[in-house]
Amino acid sequence: MTASTQWQLAREAAERYEEILVPAILGPAARALVEFARAREGEAVLDVGCGTGAAARDAARAAGQTGRVTGVDVNSGMIEVAGSLPPVEGAAIEWLCRSAYELPFGEESFDLVLCAQTLQFLQERQLALEEMRRVLKTGGRVAASLWCDIRDNPYFHALAEAVTRHIGAETALGLQAAFRLSREETIRALFIGNGYGELRMVVQQLDLELPPLLDFVPRHISATPMAAGFAAASPEERQAVVQEVSEKFALCASEGGVRIPFRTHLIQAVK
Ligand SMILES: C[S@@+](CC[C@H](N)C(=O)[O-])C[C@H]1O[C@@H](n2cnc3c(N)ncnc32)[C@H](O)[C@@H]1O
């Protein structure tokens, strides 16, 4: 597996991720996960694969000053950006650059473990889920989000198709990797097989307002593992990608942007 399919971004790309992707897509998706998990006042929460910390910050607001939140990510650029953002009102957040496969905490340390749009990028999913279960208190919850099939996510689908057509399949892999764990039965089996119980799973549709696509698409790509392949393409190829995606959504576009449905699985299971 290449670095790009495990979503490994340099510091500069992590800054673009926070500036472009979090407000438009990942932030609302993280909020939906934290609401689904019903994070509560006073809870100890761990966010695994926290990126720049969207879910951790929402959890900190919910956990309040009596709670505590820790964000863990293997990518130092993500953790640096997370730590550089202003603190939110609520629980203090600790940011740690560590792998999901070796969580630096004792058993039974957390009430809630969040894993927002990350499990699909992990090669050792069983090991990561085992680690999350180990650090959860008995009766504690793990809550994860995983995008539904790319064909149920029209914007991502259009973008992957356009990048494949005009630039190449290798570059599009940087986006398609986000949909590697999208089948409901596979997800269920993963959690149940790992010894979790009381599985609760829903498909949530987020109707998101993206900025005008002629501007947003190249900015979005620059904040993903597709950035290098896109930058290496010719101006005509890049333009063809942007044009094709914007034209697909022309009918639902207004002056301010375009409203597009995104669909994600939300999963909760109990230790
Ligand atoms: C698509 S991003 C999601 C980030 C964040 N949870 C969000 O919702 O914005 C996937 C994250 O998984 C992290 N990641 C990948 N492999 C990891 C591992 N083995 N341990 C911890 N984090 C990992 C990446 O560095 C990246 O920040």
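Just so you know, these numbers use all the heavy atoms, side chains as well, and skip hydrogens, waters and symmetry mates. Note that ligands are numbered from 1 as they come in the structure, with each ligand's atoms numbered from 1 the same way.
Contact atoms of ligand 1 toward Arg98: 21 (C) (distance under 4.0 Å to a heavy atom of the residue). If you number the atoms of ligand 1 from 1 as listed, the ones under 4.0 Å from a heavy atom of Ser99 come out as 19 (N), 20 (N). The ligand atoms of ligand 1 that sit less than 4.0 angstrom from a heavy atom of Asn75 are 25 (O). Within ligand 1, the atoms closer than 4.0 Å to a non-hydrogen atom of Gln117 are 1 (C), 2 (S), 3 (C), 10 (C), numbered from 1 in the order shown. Those atoms of ligand 1 that come under 4.0 Å of a heavy atom in Gly49, given as number and element, are 4 (C), 5 (C), 6 (N), 11 (C), 22 (N). Of all the atoms in ligand 1, the ones that sit under 4.0 Å from a non-hydrogen atom of Met78 are 27 (O). Every atom of ligand 1 with a heavy atom of Thr118 under 4.0 Å away is listed here by number and element: 3 (C), 6 (N), 10 (C), 11 (C), 12 (O). The Ala116 neighbourhood of ligand 1 comprises atoms 3 (C), 5 (C), 6 (N), 8 (O), with distances under 4.0 Å to a heavy atom of that residue.
Here the side chain of Asp111 pairs a donor or acceptor atom with the backbone of Ala44 at under 3.5 angstrom.
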Q. Would Glu184 and His265 count as a side chain to side chain donor-acceptor pair (under 3.5 Å) if you check the C-alpha gap in whole Å, the side-chain angles of each, and the deciding distance to 0.1 Å?
A. CA-CA 8 Å; Glu184 186 184 332; His265 294 288; 5.6 Å; no
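Between Phe156 and Phe262, the ring planes are perpendicular. Angles over 60° get that label, and only those under 30° would be called parallel.
When each of Glu107, Glu108, Lys271 is checked for a side-chain hydrogen bond (donor to acceptor under 3.5 Å, both in side chains) with Thr138, only Glu108 meets the rule.
With sequence neighbours excluded, the residues forming a ring-ring contact (aromatic ring centres under 6.0 Å, His included) with Phe191 are Tyr196, listed by chain and number. By the salt bridge (Lys or Arg N to Asp or Glu O under 4.0 Å) test, Arg200 is found to be paired with no residue, residues two or more places apart in sequence or in another chain being considered.
Side-chain contact of Asn194 with Glu130: a donor-acceptor pair under 3.5 Å is absent, judged by distance alone. Looking only at atom types and distance, the side chain of Gln205 has a donor-acceptor partner in the side chain of Arg263 under 3.5 Å away. A side-chain donor-acceptor contact under 3.5 Å links Tyr155 and His220.
Of the N or O atoms in Asp73, one or more lie within a sub-3.5 Å distance of an N or O in ligand 1. Residue Leu26 places no N or O, backbone or side chain, under 3.5 Å from any N or O of ligand 1. For ligand 1, the polar-atom distance check against Leu122 finds no nitrogen or oxygen pair separated by under 3.5 Å. Ligand 1 has a nitrogen or oxygen under 3.5 angstrom from a nitrogen or oxygen of Tyr17.
Across every non-hydrogen atom of Arg259 and Asp207, the tightest pair is NH2-O, 3.5 Å.
Contact analysis leaves Ala30 out of contact with ligand 1, as no non-hydrogen atom separation drops below 4.0 angstrom. Look at Gln123 and you'll find every heavy atom at least 4.0 Å from all atoms of ligand 1. The closest approach between a heavy atom of Cys50 and any atom of ligand 1 is below 4.0 Å.
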